[in-house]
Student: 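Below is one structure. I have some questions about it.
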There are 2 protein chains.
Amino acid sequence: MAQMTRSTDLDGLIALGTARARSRRQSLTPLRTQVLAVLAAQSRPLGAYDIQRALSASKHMSPISIYRSLEFLMEIGLVHRLATQSAYVLLKRPPAENETLLCLVCRSCGEVDEVSSPAVGQTLGSTLAAASFTPASRLMEVEGDCSDCRRRMSLSHPG
Amino acid sequence: MAQMTRSTDLDGLIALGTARARSRRQSLTPLRTQVLAVLAAQSRPLGAYDIQRALSASKHMSPISIYRSLEFLMEIGLVHRLATQSAYVLLKRPPAENETLLCLVCRSCGEVDEVSSPAVGQTLGSTLAAASFTPASRLMEVEGDCSDCRRRMSLSHPG
DNA sequence: ACATGTTATGTTATAGTGTAACACATGATT
DNA sequence: AATCATGTGTTACACTATAACATAACATGT
Ligand SMILES: [Zn+2]
Ligand SMILES: [Zn+2]
Ligand SMILES: [Zn+2]
Ligand SMILES: [Zn+2]
């Protein structure tokens, strides 16, 4: 079930993207919509070249076009780059203002879980303020092992 | 003063690295020591190819050798890879067990500040536990703007 | 209509980051 | 000596990302 598509959400996602683009005097063009659709069809992060391959059947796009679309989708807050994976994920919820999100990336299966954490947001805010450091975003990445994969590992290495 | 070297620490660092290597039945070889020394001489993160250039005067090293040395130095806990920068930094303090460290990376000047935060460690621990997620490390990266750079920006864009 | 500015895409080439694969050397263990 | 694990050399390659420049498409004011 990890491979399920999320086409149900796509219309709403496009509406949201269109609105956010308009408010910046930009637009969610067909090209950008196609990249968004590819990301929305996967529950896992995709590399830019994965997206290119996914689109190559319907349309040729050079790497730079993919990257430009991704940059735009990140600017309007729908997509996030996972630095530890060099990959891009659709954010499941529209990120609220001042909300601290944790992206839990499983090293083993690659699944990404997004967790909102006011408690971490509070302590992190204090810590950063004490260091006079202003974060560029309230989204943080944590690599590790998800519960499913931990269970699988303990089955194959019983101790 | 940001460019100051830290050669004073180098001997102790080498001793620490040697001890940690030995406990793994490995060793801090000359090659690895050279990479460590280059990182110790800078207060900023360096890319693998920056390290290669730094060493090219004294010795030719292929990229793969640099990466292998970096991997080793990360395994013994002396060096950390900053995913958002694709760069490597010497950890200033020996990371204690179960200590949560924040790497505050300035987008503007590139400086990295390491901050230990028990409070964040506590809330993060609870949040991850609630999500049944086991983190691979207790080191997190936060991109943003340091106080110096914020001051500079406000001077050039008074408002 | 025309000029002007901005947004968006096309095209080509190139830079930057990281590994695979295999051979070889070195040192410890038995 | 035979064996095994560790460490390095060498070559070639894969993957990720951007520079630079041209063109198109669209809005806006005159
Ligand atoms: Zn994320
Ligand atoms: Zn998993
Ligand atoms: Zn770090
Ligand atoms: Zn700074």
Side-chain angles (χ1 to χ4, degrees), chain A residues 14 17-36 38-39 44-56 58-76 79-89 105 107 110 141 143, chain B residues 17-36 38-39 44-56 58-76 79-89 107 110 141 143:
Chain A
I14 290 175
T18 302
R20 291 197 177 175
R22 278 192 72 86
S23 75
R24 301 171 139 258
R25 296 178 197 175
Q26 294 176 302
S27 70
L28 188 66
T29 62
L31 219 58
R32 290 163 174 175
T33 305
Q34 288 173 49
V35 172
L36 183 62
V38 169
L39 283 173
R44 310 233 292 219
L46 294 177
Y49 287 79
D50 294 330
I51 297 171
Q52 185 188 36
R53 275 186 287 276
L55 289 175
S56 64
S58 61
K59 165 155 196 162
H60 168 74
M61 277 177 82
S62 67
I64 184 73
S65 289
I66 306 282
Y67 282 106
R68 289 198 278 223
S69 291
L70 287 170
E71 184 183 19
F72 172 81
L73 293 171
M74 288 190 285
E75 279 168 1
I76 65 173
V79 167
H80 178 68
R81 176 172 188 266
L82 291 173
T84 58
Q85 318 296 117
S86 294
Y88 302 83
V89 281
V105 185
R107 289 183 293 183
E141 218 167 310
E143 265 190 310
Chain B
T18 302
R20 292 198 178 175
R22 277 192 73 87
S23 76
R24 306 169 63 103
R25 296 175 197 176
Q26 294 177 302
S27 70
L28 188 66
T29 63
L31 220 58
R32 292 162 173 174
T33 304
Q34 288 173 49
V35 171
L36 182 62
V38 169
L39 283 172
R44 311 233 292 217
L46 293 178
Y49 288 79
D50 293 331
I51 297 171
Q52 187 188 34
R53 274 186 288 276
L55 289 175
S56 64
S58 61
K59 165 156 196 160
H60 168 75
M61 278 177 82
S62 67
I64 184 72
S65 289
I66 305 283
Y67 282 106
R68 290 198 278 222
S69 291
L70 286 171
E71 184 183 18
F72 171 81
L73 294 171
M74 288 190 286
E75 280 168 0
I76 65 173
V79 167
H80 177 67
R81 176 174 188 265
L82 292 172
T84 58
Q85 318 297 117
S86 294
Y88 303 82
V89 279
R107 292 183 292 184
E141 217 168 310
E143 263 190 312

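Per chain, numbering begins at 1; letters A, B, ... match sequence-line order. Computed from heavy atoms alone, side chains included, the values below leave out hydrogens, waters and symmetry copies.
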Student: Separation of B:Glu71 atom CD from D:dG7 atom C1', in whole Å?
Tutor: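 Checked: the CD to C1' distance equals 13 Å.
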
Student: To the nearest Å, how far apart are A:Arg24 CZ and C:dA8 P?
Tutor: 10 Å

Student: Identify every side-chain donor-acceptor pair in residues 61-69 of chain B under 3.5 Å, counting partners at least two apart or on other chains, and give the distances.
Tutor:
from    : atom 1 : to      : atom 2 : distance (Å)
B:Ser69 : OG     : B:Ser65 : O      : 3.3

Student: Whole angstroms only, please: what is the CG-C1' distance between B:Leu70 and D:dG7?
Tutor: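 My rounded result for the distance is 16 Å.
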
Student: Rounded to the Å, how far apart are A:Met61 CE and C:dG10 P?
Tutor: 7 Å

Student: Checking the side chain of B:Glu141 only, and the main-chain atoms of B:Thr84 only, is there a donor and an acceptor separated by less than 3.5 Å?
Tutor: yes

Student: Heavy atom of residues 28-35 of chain A under 4.0 Å from DNA chain C: which residues?
Tutor: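 Result for residues 28-35 of chain A: A:Thr29, A:Leu31, A:Arg32, sorted by number.
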
Student: Want to settle it: does B:Ser62 or B:Arg25 sit nearer the 5' end of DNA chain D, counting the closest nucleotide to each?
Tutor: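 Its nearest nucleotide lies further toward 5', so the answer is B:Arg25.
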
Student: In this structure, how many angstroms lie between the P atom of D:dT10 and the CD1 atom of B:Ile66, rounded?
Tutor: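 My rounded result for the distance is 14 Å.
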
Student: Nearest to the side chain of B:Ser65, heavy atoms from C-beta on, is which of D:dT10, C:dT11, D:dG7?
Tutor: D:dT10

Student: Can A:Leu70 and A:Ile51 be said to form a side-chain contact (heavy atoms from CB on, under 4.5 Å), step by step?
Tutor: CA-CA 10 Å; A:Leu70 287 170; A:Ile51 297 171; 3.9 Å; yes

Student: Could you state the interatomic distance from OH (A:Tyr88) to CG (A:Leu73), rounded to the nearest 0.5 Å?
Tutor: 11.0 Å

Student: Quick one: B:Gln26 CD to C:dA28 C1', roughly how many Å, whole number?
Tutor: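 Rounded to whole Å, this separation is 14 Å.
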
Student: Applying side chain to side chain contact (heavy atoms under 4.5 Å, CB included), name anything that partners B:Arg107, two or more places apart in sequence or on another chain.
Tutor: A:Ala136, B:Glu143, B:Asp145

Student: Got a list of protein N/O to nucleotides 14-21 of chain D N/O distances below 3.5 Å?
Tutor:
from   : atom 1 : to      : atom 2 : distance (Å)
D:dA17 : OP1    : A:Arg81 : NE     : 3.1
D:dA17 : OP1    : A:Arg81 : NH2    : 2.4
D:dA17 : OP2    : A:Tyr67 : OH     : 3.1
D:dA17 : OP2    : A:Tyr88 : OH     : 3.3
D:dA17 : O5'    : A:Tyr67 : OH     : 3.4
D:dA17 : N7     : A:Tyr49 : OH     : 2.8

Student: Among all residues two or more places apart in sequence or in another chain, which pass the salt bridge (Lys or Arg N to Asp or Glu O under 4.0 Å) test with B:Arg53?
Tutor: B:Asp50

Student: Take atom CG of B:Leu73 and atom C1' of D:dG7, then tell me their distance rounded to the nearest Å.
Tutor: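 Atom-to-atom, B:Leu73 to D:dG7, this comes out as 14 Å.
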
Student: Before you tell me yes or no, could you show the steps for A:Val35 and A:Val79 under side-chain contact (heavy atoms from CB on, under 4.5 Å), namely the whole-Å CA-CA distance, both residues' side-chain angles and the distance that decides it to 0.1 Å?
Tutor: CA-CA 10 Å; A:Val35 172; A:Val79 167; over 6 Å; no

Student: Is there a donor-acceptor contact under 3.5 Å from the side chain of A:Gln85 to the main chain of A:Pro45?
Tutor: no

Student: Phosphate oxygens OP1/OP2 of C:dA8: is one of them under 4.0 Å from a side-chain N or O of A:Ser27?
Tutor: yes

Student: Side chain to side chain contact (heavy atoms under 4.5 Å, CB included) with A:Arg20: which residues, sequence neighbours excluded?
Tutor: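 Side chain to side chain contact (heavy atoms under 4.5 Å, CB included) list for A:Arg20, sorted by chain: A:Leu16, A:Ile76, A:Leu78, A:Pro94, A:Pro95.
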
